[in-house]
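Have a look at the structure below, then the notes.
Quick caveat: nothing in here was measured; it's all calculated off a predicted structure.
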Amino acid sequence: MTRKKDPLEHVEDAIIDSILRLSGDQLDDELRDAGIEPNDALSKVDAAIERGILKAGKANLERARAQLALVKSGLSSSLAANKRTTRERFEKIRSGKANDSEPIMMAARKGEELSKNDIEGLLEDLAELDQLEDDDSRS
């Protein structure tokens, strides 16, 4: 359904059309007749455009930050939920028995045991891989 235009909208459209049909020189003359320096008007328009771009960029950044926070919170909760199964998988990898057909070995640690931080980091990595594999299987 087409909305009926207000008569003032027709006037506005006509004014905009008449401005758009002017050449650059004609527009400069019209501005000078109105007491406006064309270069000043152009600077003000450029500044307004820059402000609009900056405002839109900030809004996009805030939207992206909010989306990232949602993704991070979902990822951390799913990582915590899978921690036990991930730990079991890690222990199999650590023992070299993760896969019956092909043994898996971890990188050498110069004869040192893995620290608690190393183990936690590996568990997080494995849980994240599991999550990515789950996401891929759903796609």
Side-chain angles (χ1 to χ4, degrees):
M1 180 175 162
T2 306
R3 171 179 80 83
K4 186 177 178 185
K5 280 191 170 185
D6 184 313
L8 290 178
E9 288 182 68
H10 291 288
V11 172
E12 181 181 303
D13 289 345
I15 291 170
I16 291 170
D17 287 342
S18 69
I19 292 170
L20 292 175
R21 283 193 297 268
L22 292 175
S23 70
D25 291 336
Q26 290 172 322
L27 186 56
D28 286 351
D29 291 340
E30 289 286 329
L31 287 170
R32 283 191 190 97
D33 289 346
I36 300 170
E37 180 57 37
N39 288 333
D40 291 343
L42 188 57
S43 295
K44 287 179 182 178
V45 169
D46 286 344
I49 290 170
E50 286 297 319
R51 284 191 306 272
I53 290 170
L54 184 60
K55 186 176 179 179
K58 285 180 179 180
N60 286 338
L61 179 60
E62 288 305 314
R63 213 173 15 258
R65 283 182 176 158
Q67 289 173 343
L68 179 62
L70 282 173
V71 168
K72 280 184 173 181
S73 68
L75 184 60
S76 64
S77 64
S78 67
L79 290 176
N82 294 332
K83 202 164 191 174
R84 185 175 351 131
T85 55
T86 303
R87 183 173 286 281
E88 291 168 2
R89 184 173 171 207
F90 170 71
E91 290 302 331
K92 286 181 182 180
I93 292 171
R94 191 169 160 183
S95 68
K97 298 176 182 172
N99 186 344
D100 292 334
S101 63
E102 192 174 317
I104 296 177
M105 296 174 55
M106 293 186 61
R109 301 283 301 167
K110 297 182 183 177
E112 297 176 15
E113 289 291 319
L114 291 173
S115 70
K116 186 174 183 177
N117 287 341
D118 291 335
I119 292 172
E120 287 299 315
L122 286 168
L123 288 173
E124 288 175 10
D125 291 346
L126 288 171
E128 199 170 323
L129 283 171
D130 286 341
Q131 181 67 38
L132 291 170
E133 287 173 356
D134 288 346
D135 291 346
D136 283 347
S137 68
R138 289 185 200 138
S139 301

Tracing side-chain contacts under 4.5 Å among Ile, Leu, Val, Met, Phe, Trp and Tyr outward from Ile49 reaches Val45, Ile53
What closest approach, in Å, do Leu31 and Ala41 show between heavy atoms, and which atom pair accounts for it?
CD1-CB, 4.2 Å
Please list all pairs passing the salt bridge (Lys or Arg N to Asp or Glu O under 4.0 Å) test where one or both residues lie in residues 38-63, with sequence neighbours left out.
Glu62-Arg65
Taking only residues two or more places apart in sequence or in another chain, which ones pass side-chain contact (heavy atoms from CB on, under 4.5 Å) with Ser23?
Asp25, Gln26
Between CG of Leu27 and CZ of Arg21, what distance do you get to the nearest 0.5 Å?
13.5 Å
Would a 4.5 Å heavy-atom cut-off, applied to side chains only, mark Asp29 and Arg32 as touching?
yes
Listed by chain and number, what are the side-chain contact (heavy atoms from CB on, under 4.5 Å) partners of Glu12, not counting sequence neighbours?
Ile16
CG (Asn39) and CG (Asp28) are apart, to the nearest 0.5 Å, by 7.5 Å
Under the side chain to side chain donor-acceptor pair (under 3.5 Å) test, which residues partner Glu9, sequence neighbours left out?
Arg3
With sequence neighbours excluded, residues passing side-chain contact (heavy atoms from CB on, under 4.5 Å) with Ile15
Val11, Ile19
Cluster partners of Leu61, using ILVMFWY side-chain heavy atoms under 4.5 angstrom, listed by chain and number?
none
Asp125: side chain to side chain donor-acceptor pair (under 3.5 Å) partners, not counting sequence neighbours:
none
